There are 2 protein chains.
Amino acid sequence: MDRGAVVRITDVAALAGVSPSTVSKALNDTGSLRESTRARVREAAERLGFVPDATARSLSARRSFTVGLLSTDSAGRFSLPVVLGAENALVGGELSALLATARHDPVREQHHVRALVARRVDGIIVTGRTTEPREPIRVPMPVVYAFAPSSDPDDASVVPDDAAGMRLLVEHLAGLGRRRIAYVGGRAEQAASLVRYETLATELAARGLELVGTPLYGDWSEQWGRRAVDLVLGGAVGSGLPVDGIVFASDQLARGGCDRLRELGVRVPVDVAVTGYDDWEVMSLASRPPLTTVDMQLERLGQRAAELLIAAIEGEPARGVERLTPRLVARASTLGDG
Amino acid sequence: MDRGAVVRITDVAALAGVSPSTVSKALNDTGSLRESTRARVREAAERLGFVPDATARSLSARRSFTVGLLSTDSAGRFSLPVVLGAENALVGGELSALLATARHDPVREQHHVRALVARRVDGIIVTGRTTEPREPIRVPMPVVYAFAPSSDPDDASVVPDDAAGMRLLVEHLAGLGRRRIAYVGGRAEQAASLVRYETLATELAARGLELVGTPLYGDWSEQWGRRAVDLVLGGAVGSGLPVDGIVFASDQLARGGCDRLRELGVRVPVDVAVTGYDDWEVMSLASRPPLTTVDMQLERLGQRAAELLIAAIEGEPARGVERLTPRLVARASTLGDG
DNA sequence: TACGATCAGGAAATCGGATTCCTAGTTTCC
DNA sequence: GGAAACTAGGAATCCGATTTCCTGATCGTA
């Protein structure tokens with residue numbers, strides 16, 4: 001913290017014995033200068049530890065080289081990886097990330113939006129906690145919505161492809177010979193619960209497999225996962241089990257489910273195969289057995305959002321919803337110890 | 001996204017029929033202007049949706065009204081709440097937060113530091129993944145270290161007071177009549193494991209309570225928590241248990257411990273009371289029974305770091321390590337169902 | 001040798017506000 | 001009624017880098 005040590009371009013110019021404009025040209029490889037001059041300027045800048053003031057640069061460039069990461073959420077389990085992925089990708093484009101978390105408060109969100117506009121960010125990435133579509137924000141710069149898409153189809157959004165994820169799971173279970181599958185969702189009104197169920201139903205039907213019972217909805221807790229297992233089995237034990245597979249809408253549910261199955265003496269996956277969703281490792285790996293699940297690749301999603309935003313900033317805006325194909329992660333809850 | 005709609009101060013001036021300097025004075029409540037003039041200007045600004053360019057303002061104010069949040073970590077479980085708490089507190093000071101995650105890569109960190117310096121941030125908050133002291137960064141603006149303190153005692157750092165947390169736990173266990181306590185740590189070389197153990201030993205001794213066995217170290221997984229329970233019990237069952245309490249150094253360990261105890265038919269907390277650490281709710285609440293644990297109040301820690309940084313920016317720097325007292329969260333793993 | 005073309009580098013304008021300094025009017029007070 | 005003290009608001013300067021002009025020097029060629 002060596003205060004007062006702010007070196008300006010004029011300081012470099014003085015040391016190198018040239019004018020400030022020459023320094024600028026030398027360091028930015030523009031204009032026409034003798035190589036010896038450039039070298040002299042570079043050396044002077046180096047020696048003084050000159051770091052050009054980005055504020056001034058922004059002013060004349062009419063670009064801030066900054067993008068806003070607006071998180072509706074307080075950057076929770078889902079939006080956090082998205083934010084990190086985006087931040088990571090932005091670094092490559094020499095862009096900085098302004099973090100703005102709204103915590104579900106529209107007033108805070110509005111305040112943040114104003115602040116981002118005031119800072120003349122080059123663009124904004126908006127993330128949410130759920131995959132529910134959200135109201136778009138109105139700002140005079142490009143915006144990309146990640147995870148939670150914009151309700152305006154003309155906006156650019158990137159979301160995980162839940163249907164594709166579910167298809168991967170069905171394919172996997174079918175390949176393992178499972179034929180009677182039950183579904184346990186989270187909160188009934190949420191897109192994640194519903195889309196996953198609908199895709200499951202469609203895919204099972206397409207393969208002539210049985211969807212056992214009606215979809216069960218509760219919340220997203222392990223506790224509900226445990227209770228749901230009781231509902232699925234309906235008191236049956238031993239060889240009279242009504243299912244040979246349970247698809248849970250999240251790892252948390254699946255982990256609870258596994259715990260309950262074990263308590264009941266039902267072997268996973270020998271008697272019943274179990275799948276989760278999210279690949280939240282603290283759940284999926286800690287589960288006994290570890291869960292076969294779907295990785296939505298949220299970091300990649302954030303990265304993709306950043307790419308789209310950069311393209312938009314450079315004049316090539318995208319529109320519509322882009323669905324990112326997730327990745328199946330196969331573990332012991334379907335494969336067994338082998 | 002209504003492009004080209006960037007309103008400048010001259011536009012407002014023209015509409016209000018005054019000079020740009022008058023607009024500036026009117027909107028910032030400076031200078032001496034007739035109230036009617038101020039009102040006219042305000043109205044014009046309002047109508048045009050004028051948002052002053054923060055870049056330009058920064059340039060002349062020689063302040064960016066921005067602080068850097070430099071996370072060594074990729075903003076994981078510990079640094080994330082700190083970052084959020086800080087961001088939250090900064091909003092109140094009309095400061096924006098630039099997010100910079102280094103992901104344990106010194107090169108990336110250096111790059112981010114340079115970018116923050118280039119942007120002339122007013123200050124930087126540095127967070128880490130562990131409570132291990134870290135090398136300070138060298139920049140020409142105030143810095144506050146949060147969670148991971150600076151190794152230079154002259155720097156300002158804010159850390160959770162682990163010793164105080166442990167004291168709370170011992171007090172709690174002693175109050176419940178527990179007398180024979182075992183300790184299960186995480187990774188042996190980490191401060192969190194060691195400090196907690198040492199404090200536990202000291203506090204138990206001070207109260208004439210027994211510390212059973214040697215401290216057990218492994219990793220931070222649930223699996224290790226389960227295995228450690230076997231080591232603690234050493235095959236004993238029924239009324240011959242060697243302990244009536246186990247202090248785990250994290251919720252994850254404690255949760256694994258509870259699972260194992262239940263499998264062995266040991267009742268928690270009737271036979272053995274269990275405590276965790278961190279109050280990571282997805283663990284502490286999902287555990288059966290829910291965990292008595294210590295909340296380090298990481299958000300408050302981030303908030304406090306922001307306060308110290310703001311004070312430093314305003315010319316009143318702090319120095320030394322400030323320890324934030326954590327909060328005991330008592331739940332069923334020591335209290336029982338009551 | 002001379003004249004146009006090319007080149008190196010400097011002077012000045014620019015980005016968009018904030019702030020300092022002035023200058024007309026208007027009050028105030030003796 | 002005239003000088004001193006305010007007032008309201010505008011003109012000019014500044015923040016620090018980029019960029020556009022522009023000038024003097026060098027080069028090439030007829």
Side-chain angles (χ1 to χ4, degrees), chain A residues 4-42 44-45 48-66 94 114-115 117-122 140, chain B residues 4-42 44-45 48-66 94 114-115 117-122 140:
Chain A
V6 241
V7 180
R8 291 180 308 281
I9 199 170
T10 50
D11 302 322
V12 178
L15 179 60
V18 297
S19 75
S21 38
T22 301
V23 173
S24 174
K25 289 167 191 163
L27 298 180
N28 295 309
D29 273 323
T30 58
S32 79
L33 298 180
R34 224 170 292 155
E35 179 53 34
S36 62
T37 308
R38 284 193 202 280
R40 191 150 40 91
V41 170
R42 272 197 292 264
L48 295 177
F50 172 63
V51 180
D53 186 322
T55 312
R57 191 206 296 273
S58 298
L59 187 58
S60 72
R62 292 134 153 279
R63 274 197 56 185
S64 62
F65 297 96
T66 300
E94 296 287 295
R114 270 187 72 89
V117 170
R119 290 203 135 72
R120 304 290 192 266
V121 292
D122 296 338
Chain B
V6 240
V7 180
R8 290 178 309 280
I9 199 171
T10 50
D11 301 322
V12 179
L15 179 59
V18 296
S19 74
S21 40
T22 300
V23 173
S24 174
K25 290 167 188 162
L27 298 181
N28 295 308
D29 272 321
T30 59
S32 78
L33 297 180
R34 224 171 291 157
E35 179 52 35
S36 61
T37 308
R38 283 194 203 281
R40 193 149 39 90
V41 171
R42 271 197 291 267
L48 296 178
F50 172 62
V51 180
D53 186 323
T55 312
R57 192 206 297 272
S58 298
L59 187 57
S60 71
R62 291 134 152 279
R63 274 198 55 187
S64 61
F65 298 95
T66 300
E94 296 287 298
R114 272 187 71 90
V117 169
R119 290 203 137 73
R120 304 291 191 264
V121 292
D122 296 337

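In what follows, chains are A, B, ... by sequence order, proteins preceding strands, each numbered from 1. Small disclaimer: the values here were computed from a predicted structure and weren't measured.
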The residue, Arg38(B) or Ala61(B), whose nearest nucleotide of DNA chain D is more 5′ is Arg38(B)

Any non-hydrogen side-chain atom of Thr55(B) less than 4.5 Å from a side-chain atom of Arg119(A)? no

To the nearest angstrom, how far is Leu59(A) atom CG from dC15(C) atom C1'? 4 Å

Tell me: CG of Asn28(B) to C1' of dG16(C), nearest whole Å? 13 Å

note: Phe50(A), atom CZ; dT18(D), atom C1'; distance rounded to Å ~ 11 Å

Could you give me the CA-CA distance, side-chain angles and deciding distance for Arg40(A) and Val18(A), then say whether side chain to side chain contact (heavy atoms under 4.5 Å, CB included) is met? CA-CA 10 Å; Arg40(A) 191 150 40 91; Val18(A) 297; 4.0 Å; yes

What's the CZ-P distance between Arg62(A) and dT20(D), to the nearest Å? 12 Å

No-H, no-angle donor-acceptor pair, Lys25(A) side chain to dG10(C) base, under 3.5 Å: yes

Here's a test of your reading of the structure: between Gly17(B) and Arg120(B), which maps to the more 5' nucleotide of DNA chain D? Gly17(B)

Calculate the interatomic distance between Leu27(A) atom CG and dG9(C) atom C1'; express it in whole Å. 15 Å

Heavy-atom nearest nucleotide on DNA chain C taken for Pro20(B) and for Ser60(A); more 5' hit belongs to Ser60(A)

Kindly say if Arg8(A) contacts the phosphate of dA17(D), meaning a side-chain N or O under 4.0 Å from OP1 or OP2. no

When all nucleic acid strands are considered with a 4.0 Å heavy-atom cut-off, which category describes Val23(A): base, sugar-phosphate, or nothing? nothing

Once you round it to whole Å, what is the distance between C1' of dT26(D) and CG of Leu33(A)? 16 Å

Donor-acceptor contact present, side-chain Thr30(B) to main-chain Asn28(B), <3.5 Å: no

If you find the nucleotide of DNA chain C closest to Thr55(B) and the one closest to Thr30(B), which residue's nucleotide is nearer the 5' end? Thr55(B)

Does Arg62(B) use its side chain to pair, donor to acceptor, with the backbone of Leu59(B) at less than 3.5 Å? no

Atom CZ of Arg63(A) and atom C1' of dT18(D): how far apart are they, to the nearest Å? 15 Å

dA8(C), OP1 or OP2 - any side-chain N/O from Arg34(A) closer than 4.0 Å? no

In sequence, state the C-alpha distance, the side-chain angles, and the governing distance for Arg38(B) and Asp29(B), and then conclude on side chain to side chain contact (heavy atoms under 4.5 Å, CB included). CA-CA 8 Å; Arg38(B) 283 194 203 281; Asp29(B) 272 321; 3.9 Å; yes

Ile9(A) side chain reached by Ser24(A) side chain, heavy atoms, under 4.5 Å: yes

As a test of reading the structure: which of dT7(D), dG17(C), dA17(D) is closest to the side chain of Ile9(A), going by heavy atoms? dA17(D)

What's the closest nucleotide to the side chain of Ser19(A) if the choices are dG9(D), dG10(D), dA11(C)? dA11(C)

Does any donor-acceptor pair link the side chain of Ser24(A) with the base of dA17(D) at a separation under 3.5 Å? no

Under 3.5 Å donor-acceptor pair, Ser21(B) side-chain atoms to dA11(D) base atoms: yes

With respect to the phosphate group of dC15(D), does any side-chain polar atom (N or O) of Arg57(B) fall under 4.0 Å of OP1 or OP2? no

Compare the minimum distances between each of dG10(D), dG16(C), dG16(D) and the side chain of Ala56(B), then state the nucleotide with the smallest one. dG16(C)

Spell out yes or no: do the side chain of Thr37(A) and the base of dA8(C) have one donor N/O and one acceptor N/O closer than 3.5 Å? no

Starting from P on dA17(D), measure out to CG on Asp53(A) and report it in whole angstrom. 6 Å

